[in-house]
Amino acid sequence: MSASCTIVDVDTSHWDRLREQMVEDQLRKRGILNLSILDAMGSVPRHVFVPETVRDLSYEDRALAIGHGQTISQPYMTAIMLQVLALSGTEKVMEIGTGTGYQAALLARLAKQVETVELVPELASQARETLAALGISNVNVHIADGSRGLPGEAPFDAIAVAAGAPDVPPMLLEQLAPNGKLLIPIGDRKQQILTLFQKMDSQVVRKPLGGCAFVPLLGVHGWPGA
Ligand code: SAH
């Protein structure tokens, strides 16, 4: 007697439909109108980045647990960050907090080169694998304390911090190119204000954008580890 086993490969069109719906209901209807961002978020398969345990929730309007006490942001929050950065495709970008690699994959479509930094080695290796499996070759994943930035790779035209800091890490401001933008949630461990810093001539202009809730940025210029 032979056991039969059917492998059910969930039809890709299922995910495509959910992704289209996410773009329409969660992004376009809420005012994300930049076509490159809508196109990127309509193309990058978020479900491939999230762990299997939450895969069914990949296109829901919420943050998801990705292990190691970390989360992947709600898609709308990711879109807001991309919208504020307003990338044209020529930039060198640093992301702090690689997590699953999803936002890095979006940045990779919207900028020229992405250097992303993750503190948890397991998350970094998983993200590297996922990005490679999708053939994304303009992202380098670094295992390091991103609160120090990546001095050897600076300057950056844009820096996106995907974790909340007590204040802006001075080393990140130093690594901004002229006219560069640094986007970072600043506040306490649970709630922050998404804040934009822009380097103009010898000045840095600080602009608070609105409330948000990210996991804490750890490291020397972040919060002490739990
Ligand atoms: N952008 C990610 C989600 C980020 S979650 C995505 O698209 O999936 C925040 C991440 O920041 C977590 O993975 C956490 O481990 C990482 N992190 C926290 N402090 C850090 C630090 N000092 N340096 C680098 N990564 C850090």
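In each ligand, atom 1 is the first atom listed, and ligand 1 is the first ligand listed.
The ring-ring contact (aromatic ring centres under 6.0 Å, His included) check on Phe49 picks up Tyr102, with sequence neighbours excluded.
No donor-acceptor distance shorter than 3.5 angstrom exists from the side chain of Thr78 to the backbone of Tyr76, with no hydrogens or angles considered. Side chain of Arg28 to main chain of Val23: no donor-acceptor pair is present (N/O by atom type, distance under 3.5 Å, no hydrogens or angles). For Gln175 (side chain) and Leu173 (main-chain N/O), no donor-acceptor pair under 3.5 Å exists by modelled atom type. Without hydrogens or angle criteria, Glu95 side chain to Gln103 main chain gives no donor-acceptor distance under 3.5 Å. Under a 3.5 Å cut-off, the side chain of Glu118 and the backbone N or O of Gly99 do form a donor-acceptor pair. A donor-acceptor pair under 3.5 Å is formed between the side chain of Glu91 and the backbone N or O of Gly89.
Distance from atom 26 (C) of ligand 1 to its nearest protein heavy atom, with residue and atom name: Leu119 CB, 3.8 Å. Closest to atom 7 (O) of ligand 1 among all protein heavy atoms lies Gln103 N, 3.0 Å. The protein non-hydrogen atom at the shortest distance from atom 8 (O) of ligand 1 is Thr100 OG1, 2.7 Å. Looking from atom 23 (N) of ligand 1 to the surrounding protein, the closest heavy atom is Gly146 N, 2.7 Å. The protein heavy-atom contact nearest to atom 12 (C) of ligand 1 is Gln70 OE1, 3.3 Å. Nearest protein neighbour of atom 10 (C) of ligand 1, counting heavy atoms only, is Gly97 CA, 3.5 Å. For atom 3 (C) of ligand 1, the nearest protein heavy atom (residue, atom name, distance) is Thr71 O, 3.6 Å. Of the protein's non-hydrogen atoms, the one nearest atom 13 (O) of ligand 1 is Glu118 OE1, 2.7 Å.
Remark: distances from the non-hydrogen atoms of Ala127 to ligand 1 are all 4.0 Å or more. Thr98 counts as a contact of ligand 1, since one of its heavy atoms falls under 4.0 Å from the ligand. Within the structure, the closest approach of Ala104 to ligand 1 does not fall below 4.0 Å when heavy atoms are considered. Residue Ser147 places a heavy atom less than 4.0 Å from ligand 1. Using a 4.0 Å cutoff on heavy atoms, Glu95 counts as a contact of ligand 1.
The pair Lys181-Asp157 fails the salt-bridge criterion, with no side-chain N (NZ, NE, NH1 or NH2) lying under 4.0 Å from an Asp/Glu carboxylate O.
Heavy-atom contacts of Pro216 reach the following atoms of ligand 1: 18 (C) (cutoff under 4.0 Å). Under a 4.0 Å criterion applied to the non-hydrogen atoms of Leu217, ligand 1 contributes the atoms 19 (N), 20 (C), 21 (C), 22 (N). Near Ala162, meaning under 4.0 Å from any of its heavy atoms, are these atoms of ligand 1: 1 (N), 4 (C), 5 (S), 9 (C). Taking every heavy atom of Val120 and a limit of under 4.0 angstrom, the matching atoms of ligand 1 come to 15 (O). Residue Ala144 has at least one heavy-atom neighbour below 4.0 Å for each of these atoms of ligand 1: 23 (N), 24 (C). Shown in contact with Leu123 at under 4.0 Å from a heavy atom are these atoms of ligand 1, numbered in order with element: 13 (O).
Geometrically, Arg46 does not engage Tyr59 in a cation-pi contact, judged by NZ or CZ lying under 6.0 Å from the ring centre and within 45° of the ring axis.
Inspection of the Asn140 and Glu115 side chains reveals an N or O donor paired with an N or O acceptor under 3.5 Å. Under the 3.5 Å distance criterion, with hydrogens and angles disregarded, a donor-acceptor pair is assigned to the side chains of Asp61 and Gln74.
Considering backbone and side-chain atoms alike, Leu218 places an N or O below 3.5 Å from some N or O of ligand 1.
Looking only at side-chain heavy atoms (C-beta outward), Pro216 and Arg189 come within less than 4.5 Å of each other.
Of the heavy atoms in Ser73, none comes closer than 4.0 Å to ligand 1.
Residues in residues 132-179 take part in no ring-ring contact (aromatic ring centres under 6.0 Å, His included) pair, two or more places apart or across chains.
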